[in-house]
Amino acid sequence: MSESDVAISRQTQMGAVEIGRLAYGCWRFSGSTVPAATAKIEAALEIGANLVDTAAIYGFGGEGFGGAEEVLGHVYAANAGLRERTVLVTKAGIHPPVPYDSRASNLITSCEGSLARLRTDVIDVFLIHRPDLLASFEEVAAALTQLRADGKIREAGVSNFSHTQIRALQSKLDFALVATQPEFSPLAIEPLQDGTLDIAQEMNLTTMAWSPLGGGRLTPQHQPEAGTQEARVLAVLEAIAAREGVGVDHVALAWVLAHPANTVALIGTQNVARIRDSAKAYDVRLSRQDWYDVLVAARGAPMP
Ligand SMILES: NC(=O)c1ccc[n+]([C@@H]2O[C@H](COP(=O)([O-])OP(=O)(O)OC[C@H]3O[C@@H](n4cnc5c(N)ncnc54)[C@H](OP(=O)(O)O)[C@@H]3O)[C@@H](O)[C@H]2O)c1
């Protein structure tokens, strides 16, 4: 590593718990058989991705509400000791057809449903999936406080909250939030500008970046339309990937991990070989120039 490279650690802390900087996301997980799903979790653990991210809503539109948690619960039940080897994150507050519902009663019921589906006694980190504009921060905080006091959750966090919403919720709690989960990738650069990554550093939150590959658009197979943000970003990622002997997906993951807001990349592939290959992100040597070249391509304009 040269002096101009950006250091990327393999591990970090979320609250008091040690986690890998790569983590496994279960959004696309429902429909997996238990052996297939077990192989994915084991592959993630092999590369140190011990944080497993899911949500009550995952599976809706396919197997149904709770479908992804149900699969993960069967995986835990079938593999003694596996639950303890993972740091389990789930989310609540999206209940179709109403967009968002973070009333205290709903958050508590949702958490209890998740515990049953996941076949576990406690959620390590419980996130509010999206801000419910009709639920007061006081009510959301009361629900989180109750769940923590009852031992149903260890820690709490948020997802898709603005920095002002995070601060408002924190002001009503007498324990510290540990995580935020925004969309963040070379195709989703708003968190760099809108305060999301600043509040994470201010409050020592772990930043779990969702869709770090733009949901599959930052991969070797993707054919972007000429002249688009995707095409500009992929051209820069390809040049770095060729130099480093890895795929564009690995460079994109490294780019997310290079930011100092305690970032973790939630990988979403359902392919066991790709899960294992994700660890190549740790080998990418990104210079500061590389990192800014990707950002300039994403912006479509030079840095001011
Ligand atoms: N909080 C929120 O609101 C929110 C929203 C969305 C997601 N999330 C979390 O973020 C996690 C990750 O999101 P994501 O699944 O969108 O992540 P992603 O890693 O950006 O995208 C995953 C997609 O990319 C494809 N892919 C990955 N590597 C590939 C490669 N080398 N070649 C071709 N295709 C490739 C995968 O297909 P294959 O399976 O075929 O490899 C999959 O369809 C989710 O599981 C969830 O935990 C949170």
Side-chain angles (χ1 to χ4, degrees), residues 11-30 37 40-41 44-45 47-59 65-73 75-76 82-94 102 107-108 110-131 140 143-144 147-148 151-161 166 169 175-184 196 200 203-212 256-257 261-269 275 278:
Q11 292 193 303
T12 187
Q13 294 283 127
M14 181 160 65
V17 178
E18 187 135 333
I19 54 167
R21 300 285 306 284
L22 294 172
Y24 193 59
C26 295
W27 177 30
R28 303 171 194 269
F29 207 54
S30 66
K40 294 172 202 178
I41 299 294
L45 285 168
I47 62 160
N50 62 335
L51 187 155
V52 178
D53 179 78
T54 187
I57 182 74
Y58 293 171
F65 186 92
E69 287 185 331
E70 194 75 51
V71 173
L72 186 56
V75 170
Y76 284 143
L82 189 61
R83 167 69 186 90
E84 291 69 34
R85 292 163 63 206
T86 61
V87 176
L88 177 60
V89 178
T90 196
K91 317 184 195 75
I94 305 186
S102 286
L107 292 179
I108 289 168
S110 184
C111 181
E112 289 167 350
S114 292
L115 287 170
R117 286 187 292 271
L118 289 162
R119 291 164 167 76
T120 188
D121 297 334
V122 63
I123 305 298
D124 293 313
V125 182
F126 185 71
L127 306 184
I128 309 300
H129 204 149
R130 285 190 178 269
V140 174
L144 294 176
L147 287 168
R148 202 160 169 270
K152 292 175 180 162
I153 67 172
R154 290 202 167 99
E155 303 292 355
V158 294
S159 179
N160 303 301
F161 272 46
I166 295 175
L169 177 58
F175 59 93
L177 295 167
V178 297
T180 183
Q181 189 175 123
E183 182 179 14
F184 179 49
T196 304
M203 290 173 49
N204 296 317
L205 305 174
T206 301
T207 304
M208 291 182 252
W210 64 260
S211 293
V256 166
L257 299 184
N262 204 16
T263 48
V264 164
L266 293 176
I267 52 177
T269 177
I275 295 172
S278 302

Report task. Please tell me if the side chains of I166 and T196 come closer than 4.5 Å, counting only heavy atoms from C-beta onward. Result -> no
Requested in this report: Only one of N50, I153, L118 passes side chain to side chain contact (heavy atoms under 4.5 Å, CB included) with L88; say which it is.
Outcome: L118
Query raised in the report: Quick one: does I275's side chain get under 4.5 Å of I267's, heavy atoms only?
Result: yes
Query - Nearest atoms (heavy-atom pairs only) where P212 meets L266 - result: CD-O, 3.0 Å
Query - Distance (rounded to the nearest 0.5 Å) between S211 OG and E183 CD - result: 5.5 Å
Query raised in the report: Is the side chain of R83 donor-acceptor paired with the backbone N or O of T86 at a distance under 3.5 Å, no angle test?
Result: yes
**Report entry** Student check: side-chain heavy atoms of V17 and L51 closer than 4.5 Å
**Finding:** no
Requested in this report: Apply side-chain contact (heavy atoms from CB on, under 4.5 Å) to the pair K40 and V75, showing each step before the final yes or no.
Outcome: CA-CA 10 Å; K40 294 172 202 178; V75 170; over 6 Å; no
Query raised in the report: Does the side chain of D124 come within less than 4.5 Å of M14's, by heavy atoms?
Result: no
**Report entry** V52, T90, D53 screened by side chain to side chain contact (heavy atoms under 4.5 Å, CB included) with C26, the one that passes
**Finding:** V52
Requested in this report: Quick one: closest heavy-atom pair of S102 and V140, and the distance?
Outcome: O-CG2, 3.7 Å
Query raised in the report: Would you call R119 and E70 a salt bridge, taking side-chain N to carboxylate O under 4.0 Å as the test?
Result: yes
Query raised in the report: Would you say the side chain of T12 lies within less than 4.5 Å of the side chain of T263, judging by non-hydrogen atoms?
Result: no
Report task. Measure from the side-chain N and O atoms of N160 to the backbone N and O of H129, and report whether any donor-acceptor pair falls under 3.5 Å. Result -> yes
Query raised in the report: What is the distance from atom CE of M203 to atom CG of L177, rounded to the nearest 0.5 Å?
Result: 5.0 Å
Requested in this report: State, with a plain yes or no, whether a side-chain heavy atom of Q13 is found less than 4.5 Å away from one of E18.
Outcome: yes
Query - Exercise: identify the closest heavy-atom pair between R130 and W210 - result: NH2-CZ2, 3.8 Å
Query raised in the report: Nearest heavy-atom pair of I94 and F65: which atoms, and what distance?
Result: O-CE1, 3.4 Å
**Report entry** Reported CZ-to-OG1 distance for the pair F29 and T54, which is rounded to 0.5 angstrom
**Finding:** 8.0 Å
Query raised in the report: Where the side chain of R21 meets the backbone of V264, is there a donor-acceptor pair that is under 3.5 Å apart?
Result: no
Report summary line: Taken to the nearest 0.5 Å, the spacing of S278 OG from Y24 OH works out to 9.0 Å
Query raised in the report: Which is it for V158 and L205 under the side-chain contact (heavy atoms from CB on, under 4.5 Å) test, yes or no, and what are the steps along the way?
Result: CA-CA 10 Å; V158 294; L205 305 174; 5.7 Å; no
**Report entry** Side-chain donor or acceptor of S159 paired with backbone N/O of L127 under 3.5 Å
**Finding:** no
Query raised in the report: Rounded to the nearest 0.5 Å, what separation is found between the CD1 atom of I123 and the NZ atom of K152?
Result: 11.0 Å
**Report entry** Min side-chain heavy-atom separation L82-L45 under 4.5 Å
**Finding:** yes
Report summary line: When rounded to the nearest 0.5 Å, the distance separating CG of L144 from CD1 of I108 is 9.0 Å
Query raised in the report: For T207 and A261, which heavy atoms make the closest approach, and how far apart are they?
Result: OG1-O, 2.8 Å
**Report entry** Pairwise side-chain contact, K91 with Y58, heavy-atom cut-off 4.5 Å (strictly under)
**Finding:** yes
Query raised in the report: E69 and S114: which non-hydrogen atoms are nearest, and at how many Å?
Result: OE2-OG, 2.9 Å
